[in-house]
S.K.: 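Okay, handing you the structure first.
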Amino acid sequence: MTSLTNLGVKAIADGVAGGEFTAVEVAEAFNANVAAAAALNAFIVTTPEHAIAAAERVDADRAAGKALGLMAGVPIGMKDLFATKGVQTTAASHILEGFVPQYESTVSQKLWDAGAGMLGKLNLDQFAMGSSNETSYFGDVANPWRRNDGGNAKLAPGGSSGGSSAAVAARLAPAATGTDTGGSIRQPAAFTGISGIKPTYGRCSRWGIVAFASSLDQAGPMARSVEDCAIMLEAMAGFDPKDSTSLDMPVPNWSTALNGDLRGKKVGIPREYRMDGTDADILKSWEDGIAWLKDAGAEVVDISLPHTKYALPAYYIVAPAEASSNLARYDGVRYGLRDLPEGAGLQDMYAATRAAGFGDEVKRRILIGTYVLSAGFYDAYYTQAMKVRTLIQRDFDAAFAQVDVILAPTTPTAAFGLGENVDDPLAMYLNDVFAVPASLAGLPAMSVPAGLNSQGLPLGLQLIGNRFDEQGVLNAGLAIESRAGFTAQPEKWW
Amino acid sequence: MSVTREQVAKIAALARINVDEKDLDHMVPEFNNILAWVEQLGEVDTSAVEPMTAVIPMPQRLRDDVVDADPLTGGGKRDAILANAPAAEHGFFGVPKVIE
Amino acid sequence: MSNYRIQGATGEWEIVVGLEVHAQVTSHAKLFSSASTAFGAEPNSQVSLIDAAMPGMLPVPNRECIRQAVRTGMAIEAQINKWSRFDRKNYFYADLPQGYQISQLYHPIVGKGALTIEADEKAGIPVDKVIGVERIHVEQDAGKLMHDQHPTMSYVDLNRTGVALMEIVSDPDMTSPAEAGAYIRKLRAILRYVGSCDGNMEEGSMRADVNVSVRKVGDPNLGTRTETKNVNSVRFVMQAIEHEAQRQVDVLEDGGKIVQETRLFDPGTGTTRSMRSKEDAHDYRYFPDPDLLPLELDDAFLEECRASLPELPDAKRARYTGELGLTDYNARELTAEVETFARFETLLAATAQAIGKSEAKVATQVANWSLSVAPGVMKALGDEADPAHATAQAQAAILTMQDAGEISGGQAKEIYEIVLKTGRAPDEIADTEGLKQQSDTGAIEAVIDDVLAANPDKVEEYRGGKDKLFGFFVGQTMKAMQGKGNPAVVNQILKAKLG
Ligand SMILES: [Mg+2]
Ligand SMILES: [Zn+2]
């Protein structure tokens with residue numbers, strides 16, 4: 001028997017259902033890996049007892065001959081942006097340190113209902129704002145991968161779902177939840193050699209997920225195979241009457257319908273994604289991807305997404321604007337940190353609490369967002385950005401009239417070193433240049449590993465589908481996965 | 001457009017975030033860098049374009065007028081509401097005295 | 001045009017008033033959560049995770065709140081916007097957990113409408129006047145702060161947080177405190193007719209933000225205005241306007257300038273003062289709420305809203321004077337309050353049916369009974385009356401006997417008194433208490449014959465031309481019959497006998 005912690009979602013669920021091993025054995029194995037990986041700093045809190053209790057229920061259900069859920073016996077990591085009842089939920093911020101929700105997010109509840117257990121709450125960029133997991137109040141997460149130059153420099157795991165990507169890549173969890181506002185599932189997946197999908201906006205309920213930018217936030221799975229992502233997404237997705245933007249549509253059986261045969265399909269290659277500053281290795285892997293999809297039977301078509309260049313600046317108006325308002329509730333009145341200087345009035349308390357409770361990047365975005373919404377600037381910034389967003393969506397609509405799925409790099413570079421970009425916010429923002437357009441348009445998009453670069457670091461390829469067509473994305477992802485033959489693992493150093 | 005130190009301080013006050021002089025030293029140039037960069041959006045001719053109103057076009061759903069329709073959206077849970085409060089007294093949230 | 005003027009040293013000033021009325025929408029659950037809206041519960045007992053703005057909570061709108069706003073808009077013949085949306089109004093305050101109020105700025109659900117305030121000579125409103133309504137939008141109420149329970153802390157109760165409000169914004173069409181008072185009363189009547197707000201100002205179901213500016217008579221430009229927040233009675237609104245206008249005139253006459261600001265009304269002194277706590281409230285950073293989608297109303301929804309509208313005050317008044325033939329005064333009194341017209345219409349229907357005549361035929365009788373007789377009896381009895389006994393059935397029975405000449409007006413009152421005290425049936429009271437008129441012509445003739453026989457000299461005088469004596473004979477006859485003679489029959493027989 002291979003090590004249990006090398007197994008993915010499907011293998012674990014099948015093994016538990018088939019009696020090859022018990023859910024508790026699986027949970028114990030992953031709990032042990034989690035406990036031994038403090039150096040990665042992937043978890044903010046660990047919850048081994050939660051994983052064991054869920055596993056015991058699954059084992060009991062199996063013994064009783066009850067039907068098992070999609071995720072039965074699979075212990076997962078939960079990004080610390082999902083409210084978990086009775087378990088501290090911080091969004092990696094000081095302002096929510098110690099906050100214990102009295103409710104469970106819809107997505108996490110669905111996962112528990114499907115038989116999953118929780119290994120712990122995963123680290124992330126503070127309030128999901130960041131692309132390197134360096135903005136967490138609870139410290140940086142280290143990418144389990146290192147360059148092959150012998151230098152042992154610690155690399156960023158990507159962000160904001162950096163705890164999730166690191167944990168899955170390092171075999172601390174077979175899968176983890178992520179959230180993606182402007183690339184926060186896809187970019188960290190690419191940086192750590194795993195898969196992750198952001199579904200169509202509205203597929204996964206946002207209820208109980210700490211909000212960053214409401215019109216962009218989407219939850220999705222991060223795992224080590226396309227099929228595992230498909231299974232876990234099925235468990236996470238579904239209509240939720242508590243979320244006004246939730247899609248009232250049935251959840252397809254993506255995993256059973258998976259099919260990497262792309263004959264008759266057209267794949268679009270957007271010319272505007274050939275940007276200056278993109279690594280040669282990245283461009284090379286894009287060429288590989290094109291070849292693999294052709295090999296799978298697809299016809300490759302050059303397409304144009306003319307407003308691509310404006311996606312990132314539009315995102316950096318819309319997302320901070322929404323965030324500045326969404327984060328106004330962190331005021332020290334009802335939960336979380338309260339900083340009450342001697343003699344302070346109510347408004348002083350707010351300003352002191354928020355100064356002490358938010359990190360620099362969060363403050364930066366709140367200020368930008370406050371500014372672009374303020375009197376006299378609203379139309380020039382916010383309204384203009386929302387108009388550009390319409391144009392970006394139109395670009396995609398025109399493209400999907402021509403093609404079934406779009407192939408592009410996930411990121412312009414492979415993982416960079418921790419600390420390399422922290423002093424230059426704009427350089428950091430550029431990480432998401434390929435990821436953000438699909439976010440603005442609400443489209444399903446996924447990253448799958450495509451190989452290693454010359455420094456031995458994983459590279460990701462991104463597949464973008466038309467709205468509601470997660471299946472097309474997953475199928476193309478599978479076609480790449482089966483041809484890329486990506487089996488590399490980070491060497492254990494932690 | 002570029003913003004002054006005073007403007008950044010005013011925005012911070014509006015956002016209820018204390019900043020000191022030292023913070024402003026690095027915040028002002030950062031702020032202006034980001035603004036200068038997002039302002040490239042001004043190049044796009046949007047005169048004939050409507051701003052996006054829904055990411056996935058669909059109408060707003062409305063719920064029935066039922067009290068406590070779902071424990072997750074209903075009331076009657078004072079303890080849960082106050083459980084994390086920094087200052088809860090006699091069933092209220094406490095804040096520094098407000099003079100209106 | 002009202003002739004309300006303020007006399008200053010430099011000349012005459014007129015005032016311009018606009019009102020933003022916040023009316024609590026009648027609904028069981030809150031606008032975006034399913035917590036109850038019931039009044040007066042224990043602190044924070046009617047608060048959902050959503051109302052408390054817990055992390056990750058999301059709003060879903062209550063259909064009934066939208067429906068009531070639309071019906072209200074229809075009642076003032078306003079434009080109903082089939083496409084509207086919610087915006088966030090951002091500011092920090094302890095009664096606002098989200099740090100923003102979900103409201104509607106850019107695309108309100110109801111657009112332009114109007115209502116008419118009636119002429120009231122005494123109040124200085126010479127003719128009916130149309131007051132424009134700029135818009136009605138739907139928004140969340142805030143929580144409540146209590147300042148006097150702790151030496152250094154204010155307490156926050158979120159029970160009101162998230163209750164649905166309609167903000168009804170008038171045009172600056174009012175030019176006197178009286179017009180503003182009449183506007184609020186009329187608006188309140190419409191809301192109560194429609195059933196979209198209970199209009200209970202003491203419980204805060206209706207509050208007005210009062211916008212006042214002044215200008216020299218004849219000046220076409222508007223002066224700088226102030227907004228006095230949350231004034232919660234008609235009288236206070238009028239006081240606030242009076243005080244605020246005078247204050248502005250004083251400032252301007254002294255060479256000062258009016259600052260556009262938010263002010264508070266002090267009911268104790270009838271004055272307004274600047275509100276420090278809202279000093280940077282000028283930049284609300286409104287933007288569309290990204291947690292919500294545009295509100296799109298379909299024709300079926302609008303159809304139902306329209307079909308469910310009741311007859312409204314103006315239409316009802318016109319019908320009362322037209323079809324029912326009531327006086328202007330009676331029609332106005334009867335239509336002023338929902339309870340009044342409801343009682344009247346029930347009694348009118350019951351009486352018409354009992355008597356077997358059309359409603360129009362009995363309307364004046366029922367109106368007089370409803371407006372003066374019945375309330376008079378009730379008032380005179382005070383605590384002795386049990387209002388539960390004031391049923392339409394009992395009152396219709398009394399009115400029917402009176403219509404048939406079986407009882408006199410005085411007897412009707414006496415019977416009603418007993419009804420209110422005991423709940424006994426009116427006919428039974430009339431029979432057993434001897435409260436019936438004698439209409440038997442034979443018996444009355446006999447009495448009259450006796451009266452005439454006993455007063456031959458008076459008969460002579462009458463026949464000689466002293467017509468005034470007719471009343472004497474009536475009085476003698478009634479006295480002999482202990483007041484129970486049917487006056488019409490008595491008159492008729494007397495006339496015949498006296499020739
Ligand atoms: Mg107002
Ligand atoms: Zn309002």
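Here the structure is a predicted model, which is why all the values come from computation and not from measurement. Order of the sequence lines sets the chain letters (A, B, ...), proteins ahead of strands, with each chain counted from 1.
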S.K.: Is chain A contacted by the side chain of Ala12(B), its backbone, both, or neither, given a heavy-atom distance below 4.5 Å?
M.R.: both
S.K.: Any chance you could lay out the side-chain contact (heavy atoms from CB on, under 4.5 Å) test for Ile392(A) and Met52(B), step after step, and finish with the verdict?
M.R.: CA-CA 10 Å; Ile392(A) 286 165; Met52(B) 178 185 271; over 6 Å; no
S.K.: Under a 4.5 Å heavy-atom cut-off, does chain B meet the side chain of Ala385(A), its backbone, both or neither?
M.R.: both
S.K.: Between chain A and each of Gln60(B), Gln7(B), Lys10(B), Glu30(B), count heavy-atom pairs under 4.5 Å; write down the option with the most.
M.R.: Glu30(B)
S.K.: Does a side chain donor of either Gln393(A) or Asp397(A) reach within less than 3.5 Å of an acceptor in the other side chain?
M.R.: no
S.K.: Grab the two heavy atoms, one from Ala441(A) and one from Phe396(A), that are nearest each other, plus how far apart they are.
M.R.: CB-CD1, 3.7 Å
S.K.: If every non-hydrogen atom of Arg5(B) is compared with every non-hydrogen atom of Glu21(B), which pair is closest and at what distance?
M.R.: NH2-OE1, 2.7 Å
S.K.: Top residue by heavy-atom pair count (under 4.5 Å) with chain A, among Glu43(B), Met27(B), Arg63(B), His26(B)?
M.R.: Glu43(B)
S.K.: Non-hydrogen atoms of chain A under 4.5 Å away: do they reach the side chain of Val3(B), the backbone, both or neither?
M.R.: side chain
S.K.: Select one option (side chain, backbone, both, neither) describing which atoms of Tyr382(A) are under 4.5 Å from chain B's heavy atoms.
M.R.: neither
S.K.: Go through the side-chain N and O atoms of Ser205(A) and Asp240(A) and say whether any donor and acceptor fall under 3.5 Å apart.
M.R.: yes
S.K.: Can you say whether Gln40(B) sits under 4.5 Å from chain A via the side chain, the backbone, both, or neither, judging by heavy atoms?
M.R.: both
S.K.: Using a 4.5 Å cut-off on heavy atoms from C-beta on, say whether the side chain of Tyr201(A) contacts that of Arg467(A).
M.R.: no
S.K.: Side chain, backbone, both or neither: which part of Asp379(A) has a non-hydrogen atom closer than 4.5 Å to chain B?
M.R.: neither
S.K.: Side chain, backbone, both or neither: which part of Ser324(A) has a non-hydrogen atom closer than 4.5 Å to chain B?
M.R.: neither
S.K.: Less than 4.0 Å between a side-chain N and a carboxylate O, is that true for Arg203(A) and Glu470(A)?
M.R.: yes
S.K.: Against chain B, work out which of Arg364(A), His307(A), Met349(A) has the most heavy-atom pairs shorter than 4.5 Å and name it.
M.R.: Arg364(A)
S.K.: Does any backbone or side-chain atom of Ala356(A) lie under 4.5 Å from a heavy atom of chain B? Answer side chain, backbone, both or neither.
M.R.: neither
S.K.: If I measure from the heavy atoms of chain B, does Ser246(A) come under 4.5 Å with its side chain, its backbone, both, or neither?
M.R.: both
S.K.: Give the C-alpha distance, both sets of side-chain angles, the deciding distance and a yes or no for side chain to side chain donor-acceptor pair (under 3.5 Å) between Thr106(A) and Asp243(A).
M.R.: CA-CA 10 Å; Thr106(A) 297; Asp243(A) 175 358; over 6 Å; no
S.K.: Highest number of heavy-atom pairs under 4.5 Å with chain B: which of Val333(A), Asp248(A), Ile317(A)?
M.R.: Val333(A)
S.K.: Does the distance from a Lys or Arg side-chain N to an Asp or Glu carboxylate O, for Glu50(B) and Lys387(A), drop under 4.0 Å?
M.R.: no
S.K.: Below 3.5 Å, can you tabulate the donor-acceptor pairs from side chains in residues 70-81 of chain B to any protein atom, sequence neighbours excluded?
M.R.:
{"residue": "Asp70(B)", "atom": "OD1", "partner": "Leu72(B)", "partner atom": "N", "Å": "2.7"}
{"residue": "Thr73(B)", "atom": "OG1", "partner": "Asp70(B)", "partner atom": "O", "Å": "3.3"}
{"residue": "Thr73(B)", "atom": "OG1", "partner": "Ser34(C)", "partner atom": "OG", "Å": "2.9"}
{"residue": "Lys77(B)", "atom": "NZ", "partner": "Pro71(B)", "partner atom": "O", "Å": "2.1"}
{"residue": "Lys77(B)", "atom": "NZ", "partner": "Gly74(B)", "partner atom": "O", "Å": "3.2"}
{"residue": "Arg78(B)", "atom": "NH1", "partner": "Pro43(C)", "partner atom": "O", "Å": "2.7"}

S.K.: With only heavy atoms counted, which part of Leu346(A) is less than 4.5 Å from chain B, the side chain, the backbone, both or neither?
M.R.: both
S.K.: Looking only at heavy atoms and a cut-off of under 4.5 Å, which of Val19(B), Leu62(B), Leu35(B), Thr53(B) has the most pairs with chain A?
M.R.: Leu35(B)
S.K.: Please look at Arg334(A) and chain B and tell me whether the side chain, the backbone, both or neither of the residue comes under 4.5 angstrom of a heavy atom of that chain.
M.R.: both
S.K.: Just do the side chain to side chain donor-acceptor pair (under 3.5 Å) check on Ser105(A) and Arg206(A) with the steps written out, would you?
M.R.: CA-CA 8 Å; Ser105(A) 82; Arg206(A) 293 185 295 112; over 6 Å; no
S.K.: Tell me, out of Pro86(B), Ala83(B), Gly42(B), who's got the most heavy-atom pairs with chain A below 4.5 Å.
M.R.: Pro86(B)
S.K.: Answer with side chain, backbone, both or neither: which region of Ile368(A) has an atom nearer than 4.5 Å to a non-hydrogen atom of chain B?
M.R.: both
S.K.: Would you confirm whether Asp217(A), through its side chain, and Phe212(A), through its main-chain N or O, come within 3.5 Å as a donor-acceptor pair?
M.R.: yes
S.K.: Output all residues satisfying salt bridge (charged side-chain N to carboxylate O under 4.0 Å, His left out) with Glu6(B), sequence neighbours left out; order by chain, then residue number.
M.R.: none
S.K.: When heavy-atom pairs shorter than 4.5 Å are enumerated against chain A, which of Ile56(B), Leu41(B), Val44(B) gives the highest number?
M.R.: Leu41(B)
S.K.: Checking Tyr315(A) against chain B: side chain, backbone, both or neither under 4.5 Å from a heavy atom?
M.R.: neither
S.K.: Is there a side-chain contact (heavy atoms from CB on, under 4.5 Å) between Tyr335(A) and Phe93(B)? Walk through the geometry before answering.
M.R.: CA-CA 10 Å; Tyr335(A) 43 77; Phe93(B) 296 99; over 6 Å; no
S.K.: Only pairs of heavy atoms separated by less than 4.5 Å count here; which of Tyr103(A), Tyr429(A), Trp207(A) has the most with chain B?
M.R.: Trp207(A)
S.K.: Please classify the contact of Leu312(A) with chain B as side chain, backbone, both or neither, using a heavy-atom distance under 4.5 Å.
M.R.: both
S.K.: Name the option with the most non-hydrogen atom pairs under 4.5 Å to chain B; the candidates are Gly442(A), Gly202(A), Ala314(A).
M.R.: Ala314(A)
